[in-house]
Peer 1: 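Here it is, the structure in full.
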There are 2 protein chains.
Amino acid sequence: MAQYSAHLDGVFVALADPTRRAVVRRLGRGPASVGDLAREFPMTLPSFMKHVRTLESNGLIRTVKSGRVRTCVLNRERLGLVEDWLAEQRRIWEERTDRLEQFVTAPEENPQ
Amino acid sequence: MAQYSAHLDGVFVALADPTRRAVVRRLGRGPASVGDLAREFPMTLPSFMKHVRTLESNGLIRTVKSGRVRTCVLNRERLGLVEDWLAEQRRIWEERTDRLEQFVTAPEENPQ
DNA sequence: GCGACAGTTAGCCCTTGCGCTAACTGTCGC
DNA sequence: GCGACAGTTAGCGCAAGGGCTAACTGTCGC
């Protein structure tokens, strides 16, 4: 659970950049090499590599190097952390609206 | 749609900080004043205010000042942008697995 | 073996983000 | 009116983020 939020932080940080979100999106369609990915973005390869490293170190993708080409694949379960967080938000919200309902259906607690 | 992704960017940036996520979570239970919120975090008020401003300028919360107290309320629909993005990821993924199925069920395309 | 090719490392620049203190503004309550 | 109280503004320091170039490493293909 402590790890949970530490990871969550990294995931949100990783997704807070449009380039990296685009990579995630692209990898949703299947694995790709760093070079293939990089070609779609207006930046140099070293710059692009930093994004790849960020995504990898935050667990959103995994990469394997075979020969001279490094292949990236999406690690889909990591996106689950975001889904879980959103679900928790929804739960909190629903608990709240439940309390509000109780409030209005128990008018003796409500001076007015 | 252009606005969509511009906003999306801001939302992810805003959520990429644990303090701000905690504020969102807290506001899920109902509105609160800046001071009340700030009291839960180990930082000075001016520092905390920056987070509030970030959340507000990215549309995750709305704030109203009445007298000397500023009240913050969650703008729940903004979280919907994240949900939409995740849903899109899922859709892309599912399209992909559909294609994979086609592939294995059409073995004449597959040398081996 | 040698050139081309894919990726990597090192180092730089500049901007942004996040924290702080100090000092100020405006409102409340007596 | 005056002190306390809630928030605000200004400005500073430092670390991290995202881009670049230049130069290097290791693999492939002929």
Side-chain angles (χ1 to χ4, degrees), chain A residues 5-27 30-75 78, chain B residues 5-27 30-75 78:
Chain A
S5 36
H7 286 165
L8 188 59
D9 214 61
V11 171
F12 272 112
V13 167
L15 294 177
D17 180 279
T19 298
R20 290 192 294 260
R21 277 201 309 281
V23 170
V24 167
R25 186 201 194 92
R26 165 64 190 80
L27 290 180
S33 73
V34 168
D36 283 350
L37 291 172
R39 222 160 289 127
E40 302 174 22
F41 300 94
M43 69 180 68
T44 60
L45 227 166
S47 303
F48 183 75
M49 271 299 292
K50 285 197 188 174
H51 290 298
V52 172
R53 292 296 180 200
T54 301
L55 286 167
E56 183 170 27
S57 68
N58 289 304
L60 279 162
I61 69 174
R62 266 166 294 121
T63 77
V64 207
K65 188 157 183 182
S66 148
R68 61 184 169 177
V69 24
R70 178 175 297 277
T71 302
C72 309
V73 309
L74 187 58
N75 183 15
R78 206 58 154 200
Chain B
S5 37
H7 286 164
L8 188 59
D9 214 61
V11 171
F12 271 112
V13 167
L15 293 177
D17 181 279
T19 298
R20 290 192 293 259
R21 277 200 309 281
V23 170
V24 167
R25 186 202 193 92
R26 165 66 190 78
L27 291 179
S33 73
V34 169
D36 283 350
L37 290 171
R39 221 161 288 126
E40 301 173 22
F41 300 94
M43 68 180 67
T44 61
L45 226 165
S47 304
F48 183 74
M49 270 300 290
K50 286 198 187 174
H51 290 299
V52 172
R53 292 294 181 201
T54 301
L55 286 167
E56 184 170 27
S57 66
N58 289 303
L60 279 161
I61 69 174
R62 266 167 294 121
T63 77
V64 206
K65 188 156 182 181
S66 148
R68 62 184 166 176
V69 24
R70 178 176 296 278
T71 303
C72 309
V73 309
L74 186 57
N75 183 15
R78 207 56 156 199

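Below, read A as the first sequence line, B as the second, and so on, with proteins coming before strands; counting in each chain starts at 1.
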Peer 1: Between R62(A) and E56(A), does at least one N-O distance fall below 4.0 Å, as a salt bridge requires?
Peer 2: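 No, no charged N to carboxylate O under 4.0 Å.
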
Peer 1: Between P on dT25(C) and NZ on K65(B), what's the gap in Å once rounded to a whole number?
Peer 2: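 K65(B) atom NZ is separated from dT25(C) atom P by 13 Å.
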
Peer 1: Does a side-chain N or O of H51(A) approach OP1 or OP2 of dG19(D) to a distance below 4.0 Å, or not?
Peer 2: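 Checking dG19(D) against H51(A), a side-chain N or O does come within under 4.0 Å of OP1 or OP2.
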
Peer 1: Atom CG of L15(B) to atom P of dC18(C): distance rounded to whole Å?
Peer 2: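 Atom CG in L15(B) sits about 12 Å away from atom P in dC18(C).
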
Peer 1: Could you tell me the separation between the CD atom of E56(B) and the P atom of dG7(D), rounded to a whole number of Å?
Peer 2: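 Atom CD in E56(B) sits about 13 Å away from atom P in dG7(D).
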
Peer 1: Nearest whole angstrom, please: distance from the P of dT25(D) to the CZ of R70(A).
Peer 2: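 Rounded to the whole Å, the gap is 18 Å.
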
Peer 1: Can you find a donor-acceptor N/O pair under 3.5 angstrom joining the side chain of K50(B) to the base of dG19(C)?
Peer 2: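 By the distance-only test, yes, there is a pair.
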
Peer 1: Grab the CE-P distance between M49(B) and dG7(D) for me, whole Å please.
Peer 2: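 Distance check: M49(B) CE to dG7(D) P gives 8 Å.
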
Peer 1: Find the partner of dC12(D): check Watson-Crick (N1-N3 plus N6-O4 or O6-N4) and G-U wobble (N1-O2, O6-N3) distances, both under 3.5 Å, and reply none if neither fits.
Peer 2: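 Paired with dG19(C).
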
Peer 1: Measure CG/N58(A) against P/dG17(D) and give the value in whole Å, please.
Peer 2: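 Taking CG of N58(A) and P of dG17(D), I get 10 Å after rounding.
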
Peer 1: Could you measure the distance from the CZ atom of R20(A) to the CZ atom of F48(A)? Nearest 0.5 Å is fine.
Peer 2: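 R20(A) atom CZ to F48(A) atom CZ measures 11.0 Å (nearest 0.5 Å).
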
Peer 1: Go nucleotide by nucleotide along DNA chain D from the 5' end; which of T54(A) and G67(A) gets its closest nucleotide reached first?
Peer 2: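 Taking each residue's closest nucleotide, the earlier one in sequence belongs to T54(A).
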
Peer 1: Taking the side chain of L45(A) as heavy atoms from C-beta outward, which of dA10(C), dT21(C), dG7(C) is closest to it?
Peer 2: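 Closest of the options to the side chain of L45(A): dG7(C).
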
Peer 1: Stepwise, does the side chain to side chain contact (heavy atoms under 4.5 Å, CB included) test hold for N75(B) with L60(B)?
Peer 2: CA-CA 5 Å; N75(B) 183 15; L60(B) 279 161; 5.8 Å; no

Peer 1: May I ask you to verify if any side-chain N or O of T44(A) is less than 4.0 angstrom from the OP1 or OP2 atom of dC20(D)?
Peer 2: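 For dC20(D), OP1 or OP2 has a side-chain N or O of T44(A) closer than 4.0 Å.
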
Peer 1: Nearest whole angstrom, please: distance from the P of dA6(C) to the CG of L37(A).
Peer 2: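 One finds 13 Å between P of dA6(C) and CG of L37(A), rounded.
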
Peer 1: Quick check: does any side chain N or O of N58(B) sit under 3.5 Å from a backbone N or O of T54(B), one acting as donor and the other as acceptor?
Peer 2: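 Present.
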
Peer 1: For the side chain of P46(B), starting at C-beta, report the closest nucleotide among dG7(D), dA10(D), dG7(C).
Peer 2: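 Of the options given, the side chain of P46(B) lies nearest dA10(D).
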
Peer 1: Any side-chain N or O of S47(B) below 4.0 angstrom from OP1/OP2 of dC18(C)?
Peer 2: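 Checking S47(B) against dC18(C): no side-chain N or O falls below 4.0 Å of OP1 or OP2.
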
Peer 1: Counting any heavy atom closer than 4.0 Å, what does R53(A) reach on the DNA or RNA strands: base, sugar-phosphate only, or nothing?
Peer 2: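 The answer is sugar-phosphate, as R53(A) gets under 4.0 Å only of primed atoms, P, OP1 or OP2.
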
Peer 1: Output the rounded distance in Å from CZ (F48(A)) to P (dA6(C)).
Peer 2: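 For the pair F48(A) CZ and dA6(C) P, the rounded distance is 14 Å.
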
Peer 1: Rounded to the nearest 0.5 Å, what separation is found between the OG1 atom of T19(B) and the CE atom of M43(B)?
Peer 2: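 Answer rounded to 0.5 Å: 3.5 Å.
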
Peer 1: So S33(B), base contact, sugar-phosphate only, or nothing? Heavy-atom distance under 4.0 Å.
Peer 2: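 Answer is sugar-phosphate: S33(B) comes under 4.0 Å of backbone atoms only.
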
Peer 1: Is the shortest side-chain heavy-atom distance between L37(B) and C72(B) below 4.5 Å?
Peer 2: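 A side-chain contact under 4.5 Å exists here.
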
Peer 1: Whom does dT9(C) pair with, Watson-Crick or G-U wobble, provided both distances fall under 3.5 Å?
Peer 2: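 The answer is dA22(D), by the H-bond criterion.
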
Peer 1: How do R68(A) and R20(A) order along DNA chain D: which one's closest nucleotide is nearer the 5' end?
Peer 2: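 It is R20(A), whose closest nucleotide lies nearer the 5' terminus.
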
Peer 1: Which of these nucleotides, dG7(D), dG18(D), dT9(C), is closest to any side-chain atom of V34(B)?
Peer 2: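 Looking only at heavy atoms from C-beta outward on V34(B), the closest nucleotide is dG7(D).
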
Peer 1: Please name the nucleotide paired to dC28(C) by Watson-Crick or G-U wobble geometry with both distances under 3.5 Å, or report none.
Peer 2: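 Because both required distances fall under 3.5 Å, dC28(C) counts as paired with dG3(D).
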
